[in-house]
Amino acid sequence: METFLTVLSCIGWIIVYEECIRLGFKEKTYAMPLFALGLNLAWEAIYSFSDIFLAAHGPLEGLNLIQAYFNASWVILDIIILFTYFKYGKNEFPKSINQKYFPAWTMLVIICCFALQYVFIKEFGFIMGAKYSAFLQNLLMSVMFIDMYIKRGNMNGQSLVLAYAKWIGTLAPTILFGILEYNTLVLVCGIFCSVFDIIYISLLSKSKKLSDKFIPILAMNKNG
């Protein structure tokens, strides 16, 4: 069961990241909110480095080996997503602020996210720090995706595939660490992640239905 839930979660997040990359380049936008991206990049880079450190002191086995492979692949995908943010994110940077501050603001957020991950490790250690920071940033991410949808007012840079994959990718470790290993903080964060993820899925579903309904009408009017 542990292996199944771990692999299910990892595959879910691989789909999220690949979808972010696909949508980013296809729709010329970024598909993951900046703070969510920064926290993910920091988490996965730090724990990928720790995997390398552990491997140097003995072979990784079982779930640790599986997680190590996925952590490394996530870092690569995060970097590509970050590239799409640098390439297209300026289009949504506040017009009231000089555009030259866009790179500096982005780097400040990334530095902040690495600092926060370091603090979690310092306070709780690698194992519990990884769990607590992962679920707290997942909760933040769930809210931020809803916020991104509301601000954009459309499905630009978003998809139901991404939304469902994120939900499943978080639900699986919630069952593993929150229920089977019973951790109250993880369980509460995981429950609210699901609540907000389902809300997000509902919003995108309604938006897609409206789009599917009106696009043929608009096409007919255009051809007519």
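Quick caveat: nothing in here was measured; it's all calculated off a predicted structure.
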Handout entry: Over 12 foreign heavy atoms within 6.0 Å of CD1, I97
Key = yes
Handout entry: Heavy atoms of other groups near F25 CZ, more than 12 under 6.0 Å
Key = yes
Handout entry: Side-chain heavy-atom pair I81, T84 within 4.5 angstrom cut-off
Key = yes
Problem - Crowding at CZ, F86 (>12 non-hydrogen neighbours, <6.0 Å) - result: yes
Practice task
Could you tell me whether the side chain of S48 and the main chain of A45 form a donor-acceptor pair under 3.5 Å?
Solution key: no
Exercise for the section: Look only at the side chain of S207 and the backbone of L203, and say whether a donor-acceptor pair between them is shorter than 3.5 Å. Expected result: no
Practice task
Dump the intermediate steps for ring pair (Phe, Tyr, Trp, His ring centres under 6.0 Å) on F145 and Y200, then the final yes or no.
Solution key: CA-CA 7 Å; F145 269 106; Y200 183 57; 5.5 Å; yes
Practice task
Count the heavy atoms of every other residue, nucleotide or ligand shown that sit under 6.0 Å from OH of Y164, and state whether that count exceeds 12.
Solution key: no
Problem - Main-chain N/O of T170 paired with S9 side-chain donor or acceptor, under 3.5 Å - result: no
Exercise for the section: Dump the intermediate steps for side-chain hydrogen bond (donor to acceptor under 3.5 Å, both in side chains) on K166 and S142, then the final yes or no. Expected result: CA-CA 9 Å; K166 184 200 173 305; S142 297; 2.7 Å; yes
Practice task
Determine, for E92 against R152, whether the closest basic-nitrogen to carboxylate-oxygen distance falls under 4.0 angstrom.
Solution key: yes
Completion exercise
Across all chains, not counting sequence neighbours, the side-chain hydrogen bond (donor to acceptor under 3.5 Å, both in side chains) partners of Y132 are N183
Practice task
Count the heavy atoms belonging to other residues, nucleotides or ligands that lie under 6.0 Å from CH2 of W74, then report whether that count exceeds 12.
Solution key: yes
Practice task
Give a yes or no on this: more than 12 heavy atoms of other residues, nucleotides or ligands lie within 6.0 Å of atom CZ of F93.
Solution key: yes
Exercise for the section: Side-chain contact test, heavy atoms from C-beta onward, threshold under 4.5 Å: evaluate it for S159 versus L162 and give yes or no. Expected result: yes
Practice task
State which residues pass side-chain hydrogen bond (donor to acceptor under 3.5 Å, both in side chains) with Q137; sequence neighbours excluded, sorted by chain then number.
Solution key: N40, Q117
Handout entry: Check: Y85 ring centre within less than 6.0 Å of F102 ring centre
Key = yes
Handout entry: Whether S202 side chain and I198 backbone form a donor-acceptor pair below 3.5 Å
Key = no
Exercise for the section: Could you please spell out the steps behind the ring pair (Phe, Tyr, Trp, His ring centres under 6.0 Å) verdict for Y17 and F70? Expected result: CA-CA 12 Å; Y17 293 156; F70 278 104; over 10 Å; no
Problem - Sidechain N-carboxylate O distance under 4.0 Å for K26, E19 - result: no
Practice task
For the residue pair L82 and L37, establish whether any side-chain heavy-atom pair is separated by less than 4.5 Å.
Solution key: yes
Exercise for the section: Flag yes if more than 12 heavy atoms outside K151 fall under 6.0 Å of its NZ atom; otherwise flag no. Expected result: no
Exercise for the section: Compare all side-chain heavy atoms of L180 with those of L5 and state whether any distance is below 4.5 angstrom. Expected result: yes
Handout entry: Donor-acceptor pair, side chain of N138 and main chain of A134, under 3.5 angstrom
Key = yes
